[in-house]
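These notes are about the structure you will find just below.
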Amino acid sequence: LDTGIEGILIESNTDKMDVAVFRGVESDTSGNFREAAEGAYVSYFFPHNIRMGGSISHLDEGARHPTIDRIGYEFEGEYGNLNLYTAYVSDKLDSLNSDWVRYHNGFYSTATFFGTGWGILAEYKNYELFTYNDPGIIGGVTDYPSLQYPATGVPEATMYLLDRHPRLAHYYDDLGFQLEGTATYQNWGLSLNYNQSSDHDDNALLPQMKEELSPYRAFFAHVEHDPWEGNRFVVLGGWSENVEFTRLANGGGYSLWFQRFGLGGVYDYKIDDANSLEAEIQLMKETDKSPGREDEHWEEYLALSWSRSPNLIVTGLLERTEDINEAGAKDWKAGIIGGAGKYWSSLEVALDIYERHQMRLFYGYERGGLRCTGGVCRQVNPFKGVKITFTSSF
């Protein structure tokens with residue numbers, strides 16, 4: 001549900017049926033009404049590993065959107081080596097203050113084929129959902145879909161430097177797919193991923209690379225090898241092209257157009273039953289192809305960790321960019337790849353206490369920007385100094 005809603009959720013389930021109903025209201029910091037929502041959901045498990053579900057929900061008109069009535073359906077099934085999940089929602093928007101009625105819809109499906117030591121994932125999304133700009137939030141990602149976030153359809157496994165620059169889902173107009181294959185053989189592991197998205201081009205069912213459609217495509221590979229006990233090698237590599245096209249009121253537009261290529265490697269060495277070392281290095285070349293802004297620069301990432309089982313990890317980190325305009329870093333006069341740049345260095349100690357508690361001590365510089373995990377992104381401000389973090393799990 002929209003963050004901030006307060007209310008009641010009632011759920012019940014049996015071996016074959018799940019049922020849920022909810023009612024919630026949201027107010028601003030002054031106690032003024034912002035939104036109210038209610039709905040119900042039911043799903044039933046049929047023989048042969050088939051599940052079907054449906055939902056209805058209603059959002060009252062408020063500061064962020066008109067009245068929304070949503071109907072949703074979903075299907076999940078398993079047959080032999082095939083898993084399939086499909087969901088569809090349809091939104092009816094009806095403004096009490098005008099005569100217009102609008103409809104939005106979204107479709108998502110994923111299929112997984114698997115066997116002994118291998119798997120293939122195919123994922124497809126087709127979104128034309130209503131989104132709003134929350135007037136209570138300034139900056140950051142502002143295109144929010146009503147109710148729950150749909151699936152983003154982006155790779156969940158990638159490398160840090162590339163993952164700092166994902167394509168943010170255009171829920172109001174998003175068409176895309178991804179294909180991923182994984183395989184293991186003896187002490188080798190392989191993962192390959194291809195992802196492509198764009199805005200809609202009329203009634204097209206597949207994304208296209210036209211500049212005015214804000215296209216995105218990416219390829220990522222992960223190879224892992226354990227040649228002998230206590231050693232692990234990982235090689236990472238990826239490439240992406242991301243265009244964000246903005247239309248102007250006069251009918252024209254402009255693009256932010258970036259290409260990125262990255263390589264990386266990880267080496268794990270187990271010293272004994274209690275101690276191990278890990279080293280990771282990444283390089284990325286970013287090319288700005290935006291009209292009138294053509295430029296390119298390198299970025300580097302180096303991490304060294306010592307782990308002592310069962311509860312201690314010490315990590316040293318060095319990150320650098322040749323983009324001298326990026327804030328929150330120290331000047332680096334002699335570049336690693338070449339040229340001047342900026343860098344971030346830090347040391348962190350993580351200590352687990354009685355399994356359920358962890359204390360982290362951080363000292364140094366932390367790079368700001370977008371941090372993404374599994375398609376969920378948040379803005380992080382640059383930081384320098386000392387941080388002590390204590391986390392408890394109950």
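Residue numbers count from 1 along this sequence. The shown structure was predicted, so the numbers you read here are calculated from the model rather than taken from an experiment.
Under a cut-off of 6.0 angstrom, the local environment of CG in Leu361 is crowded, with over 12 non-hydrogen atoms contributed by other residues, nucleotides or ligands. Summarising the local packing, CG of Asn250 is surrounded by more than 12 heavy atoms from other residues, nucleotides or ligands at distances under 6.0 Å. The environment of Phe114 atom CZ is dense: over 12 non-hydrogen atoms of other residues, nucleotides or ligands sit within 6.0 angstrom. Shown here is Asp272, whose CG atom has more than 12 heavy atoms of other residues, nucleotides or ligands within 6.0 Å.
Between Gly264 and Met159, the closest heavy-atom pair is N-CE, 4.1 Å. In terms of heavy atoms, Pro66 sits closest to Glu61 at CA-CG, 3.6 Å. For the pair Ser197 and Pro207, the tightest heavy-atom approach, listed with the atom from each and the gap, is C-CB, 3.7 Å. The shortest heavy-atom contact between Gln208 and Ala204 is NE2-CB, 3.6 Å. Closest of all the heavy-atom pairs between Ala122 and Leu179 is CB-CD2, 3.8 Å. The two atoms that bring Ser214 and His170 nearest to each other are CB-CE1, 3.8 Å, heavy atoms only.
Applying the ring-ring contact (aromatic ring centres under 6.0 Å, His included) rule to pairs touching residues 229-253 yields Phe233-Tyr267, sequence neighbours excluded. Pairs passing the salt bridge (Lys or Arg N to Asp or Glu O under 4.0 Å) check and including a residue from residues 70-88, sequence neighbours excluded, read Arg51-Glu74, Arg51-Glu76, Arg70-Asp91. Pairs engaging residues 194-224 under the ring-ring contact (aromatic ring centres under 6.0 Å, His included) rule: none recorded [sequence neighbours left out]. For residues 251-263, the pairs satisfying salt bridge (Lys or Arg N to Asp or Glu O under 4.0 Å) are Arg260-Glu286, with sequence neighbours left out. Note on residues 213-229: pairs passing salt bridge (Lys or Arg N to Asp or Glu O under 4.0 Å), not counting sequence neighbours, are Arg217-Glu241, Glu224-Arg232.
Looking at Leu93 and His65, their side chains never come closer than 4.5 Å, going by heavy atoms from C-beta outward. Residues Asp60 and His58 meet the side-chain proximity criterion, which asks for heavy atoms closer than 4.5 Å. Between Pro150 and Tyr108 the shortest side-chain heavy-atom distance does not fall below 4.5 Å. Inter-residue side-chain proximity for Ile313 and Glu278 is flagged as unmet; no heavy-atom pair is nearer than 4.5 Å. Put simply, the side chain of His165 does not reach to within 4.5 Å of the side chain of Asn242, judged on heavy atoms. Residues Leu236 and Glu280 are in side-chain contact: their nearest non-hydrogen atoms beyond the backbone lie under 4.5 Å apart. Side-chain contact between Lys342 and Asp323 is absent, with no heavy atoms from C-beta onward closer than 4.5 Å. Between Trp118 and Tyr185 there is no side-chain heavy-atom pair separated by less than 4.5 Å.
Taking hydrophobic clusters as Ile, Leu, Val, Met, Phe, Trp and Tyr residues chained together by side-chain heavy-atom distances below 4.5 Å, Phe130 shares a cluster with Val89. Linking Ile, Leu, Val, Met, Phe, Trp and Tyr residues whenever their side-chain heavy atoms come within less than 4.5 Å leaves Val266 and Tyr269 in two separate clusters. Hydrophobic clustering (side-chain heavy atoms under 4.5 Å, transitive across Ile, Leu, Val, Met, Phe, Trp, Tyr) keeps Leu205 apart from Leu129. Follow the hydrophobic side-chain contacts under 4.5 Å out from Tyr171 and you never reach Tyr88; the two are in separate clusters. Each of Leu192 and Val234 belongs to its own hydrophobic cluster when Ile, Leu, Val, Met, Phe, Trp and Tyr are linked at side-chain heavy-atom distances under 4.5 angstrom.
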Verdict with reasoning, Leu317 to Trp344, per side chain to side chain contact (heavy atoms under 4.5 Å, CB included): CA-CA 8 Å; Leu317 180 66; Trp344 298 259; over 6 Å; no

CA sep, side-chain torsions, deciding dist, call: Trp228, Asn187, side chain to side chain contact (heavy atoms under 4.5 Å, CB included): CA-CA 9 Å; Trp228 55 84; Asn187 52 10; over 6 Å; no

Worked verdict on Asn83 versus Tyr85 for side-chain hydrogen bond (donor to acceptor under 3.5 Å, both in side chains): CA-CA 7 Å; Asn83 282 332; Tyr85 175 80; over 6 Å; no

Evaluation steps, side chain to side chain contact (heavy atoms under 4.5 Å, CB included), between Glu244 and Thr246: CA-CA 7 Å; Glu244 290 288 345; Thr246 300; 5.7 Å; no

Working for salt bridge (Lys or Arg N to Asp or Glu O under 4.0 Å), residues Glu319 and Arg367: CA-CA 8 Å; Glu319 190 172 351; Arg367 189 176 187 179; 2.6 Å; yes

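Within the model, atoms CG of Leu175 and CD of Gln196 stand 9.5 Å from one another, a figure rounded to the nearest 0.5 Å. Annotation: the span from Trp306 atom CH2 to Ile271 atom CD1 amounts to 8.5 Å, rounded to 0.5 Å. Here the CG-CZ distance, from Asn81 to Phe113, works out to 10.0 Å after rounding to the nearest 0.5 Å. Interatomic distance, CD1 of Ile71 versus OG of Ser90, reported as 6.5 Å (0.5 Å rounding). Rounding to the nearest 0.5 Å places CD1 of Ile281 at 10.5 Å from CG of Leu161. Atoms CZ and OG, on Phe261 and Ser240 in that order, are 11.0 Å from each other to the nearest 0.5 Å.
Looking at Lys330 and Tyr343, their side chains do bring a donor and an acceptor atom within 3.5 Å of each other. Glu180 and Gln178 share no side-chain donor-acceptor pair at under 3.5 Å. Residues Asp288 and Ser290 have side chains that bring a donor and an acceptor to within less than 3.5 angstrom of each other.
Among residues two or more places apart in sequence or in another chain, the side-chain hydrogen bond (donor to acceptor under 3.5 Å, both in side chains) test is passed with Lys289 by none. Residues forming a ring pair (Phe, Tyr, Trp, His ring centres under 6.0 Å) with Tyr301 (at least two apart in sequence, or on another chain): Tyr160.
Clustering of Ile, Leu, Val, Met, Phe, Trp and Tyr side chains at separations under 4.5 Å places Ile8 together with Ile10, Val21. Residues Met17, Val19, Tyr44, Phe46, Ile50, Met52, Phe75, Leu84 make up the rest of the hydrophobic cluster containing Val42, defined by ILVMFWY side-chain heavy atoms closer than 4.5 Å, directly or through other members. Through side-chain heavy atoms spaced under 4.5 Å, either directly or across other Ile, Leu, Val, Met, Phe, Trp or Tyr residues, Val101 is tied to Tyr103.
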Listed pairs under 3.5 Å, donor-acceptor, residues 382-394 side chains, sequence neighbours left out:
residue : atom : partner : partner atom : Å
Lys387  : NZ   : Glu366  : OE1          : 2.9
Ser392  : OG   : His357  : ND1          : 2.8

Counting only pairs under 3.5 Å, give me each side-chain donor-acceptor contact of residues 345-352, with atom names and distances, residues two or more places apart or in other chains.
residue : atom : partner : partner atom : Å
Glu348  : OE1  : Arg360  : NH1          : 2.7
Asp352  : OD1  : Gln358  : NE2          : 2.9

